[in-house]
Amino acid sequence: MTATIIDGSKIAAKIKSTIAEQIRKRAEEELPAPGLATVLVGDDPASRIYVRNKIRTCEKLGIRSIAHALPADTQQRTLEELIDYLNADPKIHGILVQLPLPDQIDEYRILSLLNPQKDVDGFHPINAGMLARKESEPWFIPCTPAGILRLIHSVRPDIAGLNAVVIGRSSIVGMPTAQLLCRNNATVTICHSYSVGLPEIARRADILVAAAGEPRLVRADWIKPGAIVIDVGITRVDDSESEKGYRIVGDTDFESIVPIAGAITPMPGGVGPMTIAMLMRNTLIAAGRSACKIR
Ligand code: NAD
């Protein structure tokens, strides 16, 4: 067996093209362009690249992006005032606070201050809580987990009853992904750095999501033949042979897994593009819900 390579870039491009079309229709109806405020604190190189890519995608799709870049020594009060200001601005439909925030900032408090209806990343405690309750629909589902589900659905539209194993339990990837899979009726096992016997647990997975941030953690002998494998990991490792001095590595040993899995995401070109596409989608949804018609 050779795994189907799940082309995240292609699936994301299709989603983005639909979004661009919907934004054109909004303009014809004289509705304002969706507005996304990005908030970047400090100069973490990876965060800067992520925010830059999000802003570029906004520009391509017709989303108005308003970038706020604050110095690394920004104090809690200053950031809270900015969030209050963005919450109150009717032209801003979505607010993205790039994580992680510097140590002096209380991240949970900042996320809690966001208007949950502008929380396009889906990290506000109300949105996280609503995702955890099967009876409620969150205003927004976090972008990476939402993208992961789309990738899985592209090869397996119905996952009811399948065994899903998620490696990683962070609030932004692992846990919401597990909740989303559970809401879609998979039987979910969540693993983390204290889990014992990871290879055996992984081998039972019909769907394996690797979100640990550990380069090539998942090996070929961890894979059940035919399984769907989603590689979320993005880790920079030193590489003297590369021009940049580093290369980006995923959480799976991709080449050795391809002959065994049923489907697998590449890295790059798998989950990453979907995260941005889902952010754009959430911003459009936020604008659509807004009654505001100010230009
Ligand atoms: P995190 O560090 O907050 O969480 C990692 C989780 O993995 C923790 O729950 C930890 O217990 C678990 N873990 C770590 N090592 C493990 C091991 N050896 N065995 C089992 N569990 C282990 O990271 P995160 O924010 O959840 O991100 C995870 C990875 O996904 C990172 O590489 C990150 O860069 C990447 N990421 C990618 C995207 C994307 O769009 N592709 C988006 C977000 C995060």
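If you read the sequence from its start, that first residue is 1, and numbering goes on from there. First listed ligand is number 1; within each ligand, the first listed atom is number 1.
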Option whose closest heavy atom lies nearest to atom 3 (O) of ligand 1, chosen from Ala211, Ser170, Ala46: Ser170

For atom 41 (N) of ligand 1, which candidate among Leu217, Ile172, Ile234, Val173 provides the closest heavy atom? Ile234

Ion pair present between [X] and [Y], side-chain N to carboxylate O less than 4.0 angstrom?
| X | Y | result |
| --- | --- | --- |
| Glu59 | Arg56 | no |
| Glu29 | Arg24 | no |
| Arg77 | Glu80 | yes |

Can any side-chain N or O of Lys118 pair as donor or acceptor with the backbone N or O of Ile92 at less than 3.5 Å? yes

Are any side-chain N or O atoms of Arg216 and backbone N or O atoms of Val249, one a donor and one an acceptor, separated by less than 3.5 Å? no

Excluding sequence neighbours, so at least two apart, what forms side chain to side chain donor-acceptor pair (under 3.5 Å) with Asp119? Asn127

Going by side chain to side chain donor-acceptor pair (under 3.5 Å), name the residues that satisfy it together with Asp239, two or more places apart in sequence or in a different chain. Arg247

Protein heavy atom at shortest distance from [atom]:
| atom | value |
| --- | --- |
| atom 15 (N) of ligand 1 | Glu214 CG, 3.4 Å |
| atom 42 (C) of ligand 1 | Thr144 OG1, 3.3 Å |
| atom 6 (C) of ligand 1 | Gly168 CA, 3.6 Å |
| atom 31 (C) of ligand 1 | Gly213 CA, 3.7 Å |
| atom 21 (N) of ligand 1 | His192 C, 3.1 Å |
| atom 5 (C) of ligand 1 | Ala212 O, 3.6 Å |
| atom 9 (O) of ligand 1 | Arg169 N, 2.9 Å |

For ligand 1, which atoms have a heavy atom of [X] less than 4.0 angstrom away?
| X | answer |
| --- | --- |
| Leu198 | 19 (N), 20 (C) |
| Ile167 | 20 (C), 21 (N) |
| Gly272 | 40 (O), 41 (N) |
| Val232 | 30 (O), 35 (C), 36 (N), 37 (C), 41 (N) |
| Thr275 | 39 (C), 40 (O) |
| Val271 | 41 (N) |

Establish, yes or no, whether the cationic atom of Arg289 lies under 6.0 Å from the six-membered ring centre of Phe140 and within 45° of the ring axis. yes

Candidate list Leu198, Leu208, Asp253, test side chain to side chain contact (heavy atoms under 4.5 Å, CB included), partner Val218, passing option: Leu208

State whether the shortest distance between N or O atoms of Asp251 and N or O atoms of ligand 1 falls below 3.5 angstrom. no

What closest approach, in Å, do Val97 and Leu101 show between heavy atoms, and which atom pair accounts for it? CG1-CD2, 3.8 Å

